[in-house]
Amino acid sequence: MVDGVGLVHQMPFTCDRDGFAATFEKIYFGTVQARIYLCADLLGIVCHTGMSCLVRRNILESAGGLGHFGRYLAEDFFIAKAVTDSGYRLTVSSQPAWQNSGICDIGSFQARLTRWAKLRVAMVPTTILLEPLSECLVVGAFASWAASVLFHWDSLVFYLVHILVWFLCDWILLSIVQNGSLPFSKIDFVVGWIFRECTGPYLFFHALWNPAIRWRTRVFKLAWGGVAQEVPLEKAKFVTA
């Protein structure tokens, strides 16, 4: 927290645990999340997860205090935006935020991923177009088609090479973030990585199809801009159906 920096945050990561669900979580946070988080920090784009951060109190007070951000489900994003709007920078700590969620299973984690996608779409509508293009299989399909049209290259070979290079880069990135030996085998990584890449686009489009967000025992709908509007419980079953 030096002069000119208004918020220091940590990139989310996961503790070492046994089981495929834990492997899946670590692969997601060490590849997809890490890639987005670090690139956003490099380019000066607001990408802040509020599970662990330091923020200047005067910035919060000038924005109306923490109560001002209570109308948002993604208050961490809007706190970070208030910091940048005040002329300060964000910076990422070299130590990631090691999280150890109480429930570790595939269904619960995919529900979290879907909820986060709904938040991103409501806060930054351009996500609807740009986020699918950040997926390995989607952007690879477009790139292989372009290569076949422009250069008359074999689209299938190009697509397979693209996936292989992306896979290797993700393995390197995860190893760097882990900063030590990974708690699972290379075979586990291959299976977990393929599962993540195949389910990622589906979860995103599922989030677009059903924009309501269930948070514990309450249901919310998000207006454009990220303001949360609670749905009465008697109507919630129709919204989330």
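Computed from a predicted model, the values in this text were never measured in an experiment.
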Practice problem: Could you tell me which non-hydrogen atom of T23 sits nearest to which non-hydrogen atom of D188, and how far apart they are? | Solution: CG2-O, 4.1 Å

Quiz item: Going by atom types only, do R17 and S101 share a side-chain donor-acceptor pair under 3.5 Å?
Solution: yes

Quiz item: Does any non-hydrogen side-chain atom of V139 lie less than 4.5 Å from one of S134?
Solution: no

Practice problem: May I ask you to test the F29-M11 pair for a side-chain heavy-atom distance under 4.5 Å? | Solution: no

Quiz item: Can you name the closest pair of heavy atoms from M51 and A97 and give their distance?
Solution: SD-CB, 3.9 Å

Exercise. May I ask whether I103 and F24 are part of the same hydrophobic cluster, defined by side-chain heavy atoms of I, L, V, M, F, W, Y residues being less than 4.5 angstrom apart, directly or through others?
Key: no

Exercise. May I ask you to check whether F189 and F167 place their ring centres under 6.0 Å from each other?
Key: yes

Exercise. Please report the closest heavy-atom contact between V177 and G30, naming both atoms and the distance.
Key: CG2-O, 4.2 Å

Quiz item: In terms of hydrophobic clusters joined by side-chain contacts under 4.5 Å, are L182 and V190 together?
Solution: yes

Quiz item: Looking at CD of E131 and CZ of F205, how far apart are the two atoms once the value is rounded to the nearest 0.5 Å?
Solution: 9.5 Å

Quiz item: Are R35 and D170 close enough, and set up right, to give a side-chain contact (heavy atoms from CB on, under 4.5 Å), and what steps lead you there?
Solution: CA-CA 9 Å; R35 184 167 58 245; D170 272 353; 2.7 Å; yes

Quiz item: So does D18 have more than 12 non-hydrogen atoms from other groups sitting under 6.0 Å from CG?
Solution: no

Quiz item: Does Y202 share a hydrophobic cluster with I106, counting links as ILVMFWY side-chain heavy atoms below 4.5 Å and allowing steps through other members?
Solution: yes

Quiz item: Is S148 close to W153 at the side-chain level, that is, under 4.5 Å between some pair of heavy atoms?
Solution: no

Self-check item: Spacing of T14 atom OG1 and N100 atom CG [to the nearest 0.5 Å]
Solution: 8.5 Å

Self-check item: Over 12 foreign heavy atoms within 6.0 Å of CH2, W98
Solution: yes

Exercise. Decide whether I27 and L168 are clustered together by the hydrophobic rule: side chain heavy atoms of Ile, Leu, Val, Met, Phe, Trp, Tyr closer than 4.5 Å, transitively.
Key: yes

Self-check item: Distance-minimising heavy-atom pair for M1 and L54
Solution: CE-O, 3.4 Å

Exercise. Please work out whether the ring planes of Y72 and H68 are parallel, tilted or perpendicular, with thresholds of 30° and 60°.
Key: perpendicular

Quiz item: Is S93 reaching over with its side chain to a backbone N or O of Q95, donor-acceptor style, under 3.5 angstrom?
Solution: yes

Self-check item: Close side-chain approach of V92 and H9, heavy atoms under 4.5 Å
Solution: yes

Quiz item: Just wondering, are more than 12 heavy atoms of other shown residues or ligands nearer than 6.0 Å to CG in L150?
Solution: yes

Exercise. Would you confirm whether the ring centroid of F20 sits within less than 6.0 angstrom of the ring centroid of F184?
Key: no

Practice problem: Quick one: list whatever passes side-chain contact (heavy atoms from CB on, under 4.5 Å) with D85, sequence neighbours left out. | Solution: K81

Exercise. Flag yes if more than 12 heavy atoms outside I187 fall under 6.0 Å of its CD1 atom; otherwise flag no.
Key: no

Exercise. Over all heavy atoms of both residues, which pair between T127 and F204 is shortest? Give the atoms and the distance, please.
Key: O-CZ, 3.6 Å

Quiz item: Can you find a side-chain donor-acceptor pair between Y37 and H48 that sits under 3.5 Å?
Solution: no

Quiz prompt | From CZ (R196) to CZ (F109), nearest 0.5 Å | solution = 9.0 Å

Exercise. Enter the distance from C53:SG to I79:CD1 here, rounded to the nearest 0.5 Å.
Key: 6.5 Å

Quiz prompt | Side-chain (S108) to main-chain (D105) donor-acceptor, under 3.5 angstrom | solution = no

Quiz item: Checking R56 side chain against V5 main chain: does a donor-acceptor pair fall under 3.5 Å?
Solution: yes

Self-check item: No-hydrogen, no-angle side-chain donor-acceptor test under 3.5 Å, Q10 and S52
Solution: yes

Quiz item: When hydrophobic residues are tied together by side-chain contacts of less than 4.5 Å, even through go-betweens, does V138 share a cluster with W193?
Solution: no

Quiz prompt | Rounded distance [0.5 Å steps], CD in E135 versus OG1 in T199 | solution = 8.5 Å

Quiz prompt | Rounded distance (nearest 0.5 Å) linking atom CD1 of I172 with atom OG1 of T31 | solution = 13.0 Å

Self-check item: Verdict with supporting geometry, D154 and F158, side-chain contact (heavy atoms from CB on, under 4.5 Å)
Solution: CA-CA 6 Å; D154 188 298; F158 185 96; over 6 Å; no

Quiz prompt | Verdict with reasoning, R120 to F77, per side-chain contact (heavy atoms from CB on, under 4.5 Å) | solution = CA-CA 10 Å; R120 291 194 297 271; F77 171 84; over 6 Å; no

Quiz item: Under 3.5 Å, side chain of Y159 to main-chain N/O of L137, donor-acceptor pair present?
Solution: yes

Quiz item: When you look at V161 and L164, which way does the side-chain contact (heavy atoms from CB on, under 4.5 Å) test go after all the steps?
Solution: CA-CA 5 Å; V161 171; L164 177 61; 5.6 Å; no

Quiz item: Does NZ or CZ of K26 lie under 6.0 Å from the centre of the six-membered ring of F13, at an angle within 45° of the ring axis?
Solution: yes

Self-check item: Nearest heavy-atom neighbours spanning F220 and E230
Solution: CD2-CA, 3.7 Å

